[in-house]
Amino acid sequence: MQHTEKYSETDLLSQLNEAQRAAVEFCDGPSLVIAGAGSGKTRVLTYKIAHLLEQGLPPYYILALTFTNKAAREMKSRIAELVGEKNARGLWMGTFHSIFARILRNEAETIGFKSNFTIYDTADSHNLLRLIVREMGLDDKLYRPGGVHGQISRAKNSLITPAMYAANSEIIQYDRMAKRPQLFEVYQRYQSRLRSGNSMDFDDLLMQTNILFRDHPKILEKYRNRFQYVLVDEYQDTNFSQHLIVKQLAEEHLRICVVGDDAQSIYSFRGANIDNILKFQSLFPDTRVFKLEQNYRSTQTIVSAANSLIKKNTEQIAKEVFSENEEGEKIEVLETFSDFEESLVVANKIARKRLEAHTPYSDFAILYRTNAQSRVFEEAFRKKNIPYRIYGGLSFYHRKEIKDAIGYFRLIVNPGDEEAFRRVVNYPKRGIGDTTVGKISSAAQQHQVSLWQVLSEPLEYNLDVNAGTAKRLASFQELMDDFIAKNNSMNAFELAREVIKNSGISSEAYSDMTPEGMSRAQNIEELLNAISEFVSTRQEEGNEEVALVDFLSEVSLLSDQDTDNEAESEKVTLMTVHAAKGLEFDHVFVVGMEEDLFPSSMVHSDARGLEEERRLFYVAITRAKKSCTITYAKSRFKNGLTNPATKSRFLKDIDPKYLLMDDKGRGGAKRNDESDSFWGSMREQRLQRDRSKPAYESGYQTAPKNMTPVGKSTPALPLSKEAQTLEEGDIIEHERFGRGVVASIEMSGNDRRAFVEFDSAGKKQLLLKFAKFTIIGTTPISK
DNA sequence: TAACACTTGTTTTTT
DNA sequence: ACAAGTGTTA
């Protein structure tokens, strides 16, 4: 690819506006970049990393954390374009989960795991919890997997271990009120089951990292030194656990830059804590704050409308986002009779616009609050022959046949994996039913070993099964043992193919001639293709052996956003507002703008929740570059019933001078009142019931004292001896640039900066506090 | 063990 | 309306 020389430092910086450049150039301490919607946040992050690389900081000393694989991938490739692929190789850039999974694999033994641990996805966690609740004989209505998992997840993200959970009287009290007094024990069992199967759930990847750092200061020290510069994207979406990891890595050297927009914090329901960004400055006292306020994406009207909306929120960092683009059209607000009519109106508008203005379908997006709303639009688009693409729904890796195949892979890599065991032991059918698995399971629990352990030595654990079953068990065990043996000699693809062939998956899949069966077989083919591709990519990157475990650790942390890489086809996009975050479209339709839908009915009485919904609306509007249309229906089909609907309160929050209201001359007010009184009282009843549940949030978002590391804020690391003694004329060997001669040394601010002429890499400036090199001699003509 | 009918709970979901 | 989970039968 390009050489480093192609983009010199000045070129890099000249492509930024003043605020962006200031944010990029400041590397001497903690910084917080508040990036309004469309203000070039990604640009700042990528250029900042490129800038650090240009200054001589080797890529493997930079840690950049994102929230999606997609964001990481895109940023990586843009950096590679800026500085050349070779110079960007080795960057630690990825999602929180993937980066710390990698670190945990390296350090697994220290915290009592093995490095081949497997990762449970949400469905796996739910299955295990369902099982535990049943085993404990608890009421599965009160202890529903989703609810229980949510509570455990919140605990983990607040770094509350099972023991701390059980000892916390406030939480115990809360659980008692919620009629789930045994929850602490469910959590305990869940955690010990995960551990005895050498597996972790998503939240563990962060919590175990914190435990690792807390209990092993040497290891924390190692990563602190390793990650000389830490950058975090979308900081408003971090939870406490992530926040603490970041804090610990950065609090010594203070070279940290976090980027985000408090106005776009929309994931609190998953534990994201907006205070992390609001209070960043008080945590790192000398934080420099940079505000990116120029929006390059949208028209002035869209930006102003969005501003007027978000002003209605109370807690936020002051900023004035503006646009110098054209003024643009007003935001059109359309009322329709029903959700059905809504979809037709939108479809018609798109069709007409495309004809009149030659706008490609791919410039349009429909954004809705809930996935269920996509249906009517699908039908309308199909009827009108408008091509569309829906995001969300079941991702490839969540389909049953794929999970089954991956279940085998997981069991091969980590035979202790309980969920994987349960998934494949009788798939395809081999006569090992629930009864038998139940026996294995209770033996396993009794002896505190994995299911696999019991299967391997049934006599040892007094497994009581009849001769036929014993034989079937033995043959399953042999099958797996054979795969496990081959795992040492075969690469991921070869072994996967072998598994599909020999496990019986393929004969099962190919004998089913129903359309669903055929598609399942195709999916399995596709999985094999994906593995094959994975192996060859990794080999091109220089990894000779690409084993199944490598594929697995990547694939466990993929989301559906990462899999659909279909080329930019000419299709209208349909997605939830959540999924649209970070994206932009010329023409956006925000649909279903109704009470009880947007804002969601779950949130009515809760001020914080309402503010989050308002931010969500803000995110929706600010996706639009040229036009934004908002629609709402007077009646909507929901949960099998058609109900009257009223327009969302949020519409009143936008300054009307940016809106073009069209309520079709219907006498809206009177009708509204009628429906409000009747249906309003129905809603009221529902709300009453909801309120009778104890409001969540006894607010244990703060970590208990013994989890909080002793945070002494020490100044930046002293310069290495090499860096202190360096003089003009010295010959140095740099880790990345090779041999070079020091032309001059300057002070810039508090930093020493060396200008070095490298043999092969040309002229470079090195910031001495970053640069890694050794002095290998000096030239005779030094003055 | 497997097929079938019945009950139940449905916001958003980066990992 | 619908999917997922559970219970009932042969």
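Lettering follows sequence order; numbering is per chain, from 1.
A:Tyr267 comes within contact range of at least one nucleobase, with a heavy-atom separation under 4.0 Å. Heavy atoms of A:Arg134 sit under 4.0 angstrom from primed sugar atoms or phosphate atoms, though from no base atom. A:Asp237 comes within 4.0 angstrom of a base, heavy atoms only. Residue A:Ile432 is in sugar-phosphate contact alone, with no base atom involved, counting any heavy-atom pair closer than 4.0 Å across all strands shown. When heavy atoms are screened at a 4.0 angstrom cut-off, A:Gly582 is found touching no nucleic acid atom at all.
A straight line from NE2 of A:His97 to C1' of B:dT14 spans 9 Å, rounded to a whole angstrom. At whole-Å resolution of the value, CD1 in A:Ile266 and C1' in B:dT14 are 10 Å apart. One atom, NE2 of A:His126, and another, C1' of C:dG5, lie 14 Å apart when rounded to the nearest Å. Whole-Å rounding puts the A:Leu610 CG to B:dT12 C1' distance at 15 Å. Here B:dT13 presents its P atom at 18 Å from CG of A:Asn157, a figure rounded to the nearest Å. Remark: C1' of C:dG5 and CG of A:Asp139 are 15 Å apart, rounded to the nearest angstrom. Atom-to-atom, CG of A:Leu641 to C1' of C:dC2 comes out at 13 Å; the value is rounded to the nearest Å. For the pair A:Arg636 CZ and C:dA1 P, the interatomic distance rounds to 17 Å; values are reported in whole Å.
Side chains of A:Glu613 and A:Tyr618: no donor on one and acceptor on the other come within 3.5 Å.
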Give me the distances for all protein-to-nucleotides 4-11 of chain B N/O pairs that come in under 3.5 Å?
from	atom 1	to	atom 2	distance (Å)
B:dT10	OP2	A:Arg144	NH1	3.3
B:dT11	O2	A:Arg369	NH1	3.1
B:dT11	O2	A:Arg369	NH2	3.0
B:dT11	O2	A:Ser600	OG	3.4

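Phosphate proximity of C:dC2 to A:Arg375: present, with a side-chain N or O under 4.0 Å from OP1 or OP2. One finds a side-chain N or O of A:Arg130 lying less than 4.0 angstrom from the OP1 or OP2 phosphate oxygen of C:dG5.
Between A:Asn210 and A:Gln248, the closest heavy-atom pair is OD1-NE2, 3.2 Å.
Using a 4.0 Å cut-off between a side-chain N of Lys or Arg and a carboxylate O of Asp or Glu, A:Glu419 and A:Arg410 do not qualify as a salt bridge. One finds no salt bridge joining A:Glu594 and A:Lys647 here, because no Lys/Arg side-chain nitrogen approaches an Asp/Glu carboxylate oxygen to under 4.0 Å. Between A:Arg608 and A:Glu611 there is no salt bridge, since no side-chain N of the basic residue sits under 4.0 Å from a carboxylate O of the acidic one.
Ring orientation note: the planes of A:His149 and A:His126 are nearly perpendicular, at an angle over 60° on the 30°/60° scale.
Across B:dT14, C:dG5, B:dT12, the shortest atom-to-atom separation from the side chain of A:Thr576 is found for B:dT12.
Annotation: cation-pi pair A:Lys400/A:Tyr427 present, NZ/CZ under 6.0 Å from the ring centroid and within 45° of its normal.
In a base pair of the Watson-Crick type (N1 to N3 plus N6-O4 or O6-N4) or a G-U wobble (N1-O2 and O6-N3), with each distance short of 3.5 Å, C:dA3 is matched with B:dT8.
Nearest-nucleotide positions on DNA chain B for A:Asn426 and A:Ser556 put A:Asn426 closer to the 5' end. Take the nearest nucleotide of DNA chain B for A:Leu616 and for A:Gly431: the residue whose nucleotide is more 5' is A:Gly431.
In this structure, A:His578 has its ring center under 6.0 Å from that of A:Phe269.
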